[in-house]
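Notes follow once the structure below has been shown.
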Amino acid sequence: MPARKFLASSLELIGNTPLIKLRNVASNTDAEIYVKAEYLNPSGSIKDRIALQMILDAESQGKIKRGKTTIVEASTGNTGIALSYVGTMLGYKVRIYIPEGVSREGKEIMEKYGAEVVIMTKQEEQSLKERSISGGLVEIPGRLKCLEVEKNEKDTFWIRQFSNPSNSIAHEKTGKEILDALDSIDGFTASIGTGGTLLGITRTLRKSNASLKVYAAEPAATKIPLLSQFKQQGKIIRTEVSGGIISDIIEEEIVDKVLKINDQEAVEMAGRLVKEEGLFCGISSGANVYAAIQLAKELGKGSRIVTVLPDSMDRYLSEQHYTT
Ligand SMILES: Cc1ncc(COP(=O)(O)O)c(C=O)c1O
């Protein structure tokens, strides 16, 4: 059969993003830095990959049914948007719980794709926090809410991005795309939210280079519990609402170093990526490239470092402290 020259649906746009060599912002190193432009996924972020994988896997495991199940998740942005897009396209109802204060655009994009968006009031978050075992973590109240909804409301399914194995499995394919584009890679960096990107891509890249160096970036701009916080606790506690993929990262000893990157460093680098490379990417992209440059300086001449640009700068335009 001749190859199809059109897409059967926009979902086929997910993944296979371009890998782009940086020309300017890394010129103070002798290494090569490549970025995977994940903001070019159809709903605007890397999270389209995991939304599709998590939904298709849950479907094939018989956990959800098109036209019947409501998929619920707590999200401050990209995952909520990606689930709203992919879920609605595949015939699911989608409900996203977001904390008060999330940007207007985020909420409106989810609604435009067809999701129901529930804003959790500060009061509600507080009362859920008080019942949580790790109340300091910003996403925990939303997750507790999802757990409650799943238990009490028929035909609801909490997709559990922070602990769902399909999250990192989606990124094993992202890693394969990187390997298909470059025959040797010496280092990889990624910021951690759920940890799925870092875990999935590293698993694949380490298969071709066991001594691959991996740095995790902890941008202060994200409000999600991070690796060093879990490491400091000294032990890994997995519960229905915490632990998750971050625990896998610690157990599998995936990360060589955790770099703390402050908002200013991340924001400035994102600004440079826009102006000097024409890559209209967001704040965590800035942090990722900042970390890649640190790693490049350590690995030195001729080494090849890869990172990802998870989302687009237009997600942050109404939040001036996130733009230069
Ligand atoms: C913009 C952005 N960058 C980075 C991340 C981290 O990705 P992951 O959840 O795969 O660790 C996320 C999600 O949490 C994100 O929304």
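Just so you know, these numbers use all the heavy atoms, side chains as well, and skip hydrogens, waters and symmetry mates. Here the structure is a predicted model, which is why all the values come from computation and not from measurement. We count ligands from 1, going down the list as the structure has it; atoms in each ligand are counted the same way.
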Worksheet item: Is it true that a side-chain atom of N24 and a backbone atom of E277 form a donor plus acceptor pair closer than 3.5 Å?
Response: no

Item to complete: For G196, counting its heavy atoms only, list the atoms of ligand 1 lying under 4.0 Å from any of them.
Response: 10 (O), 11 (O)

Worksheet item: Out of N78, L309, I50, whose heavy atom sits nearest atom 16 (O) of ligand 1?
Response: N78

Worksheet item: Which is closest to atom 11 (O) of ligand 1 by heavy-atom distance: S168, G44, G193?
Response: G193

Discussion item. Please list, in number order, the atoms of ligand 1 under 4.0 Å from a heavy atom of I192.
Written reply: 11 (O)

Practice prompt. Using distance alone, with no hydrogens and no angle criterion, decide if E38 and N41 have a side-chain donor and acceptor under 3.5 Å apart.
Written response: yes

Worksheet entry | Subset of ligand 1 atoms that lie under 4.0 Å from at least one heavy atom of G195 | 8 (P), 9 (O), 11 (O)

Worksheet, complete the sentence: Contact region, D311 to ligand 1, non-hydrogen atoms below 4.0 Å, reads side chain

Worksheet entry | G77 to ligand 1, any heavy atom closer than 4.0 Å | no

Discussion item. Please work out, at 4.0 Å between heavy atoms, whether the side chain, the backbone, both, or neither of S191 comes within that distance of ligand 1.
Written reply: both

Response to the item:
Under 4.0 Å between heavy atoms, the region of T194 that gets near ligand 1 turns out to be both

Response to the item:
Note: R315, heavy atoms under 4.0 Å from ligand 1, region reported as neither

Worksheet entry | Electrostatic pair R104-E108, nearest N-O below 4.0 angstrom | yes

Worksheet entry | Sub-4.0 Å atoms of ligand 1 with respect to non-hydrogen atoms of Y316 | 1 (C)

Response to the item:
ligand 1 to T197, heavy atom cutoff 4.0 Å, flagged ligand atoms 7 (O), 8 (P), 10 (O)

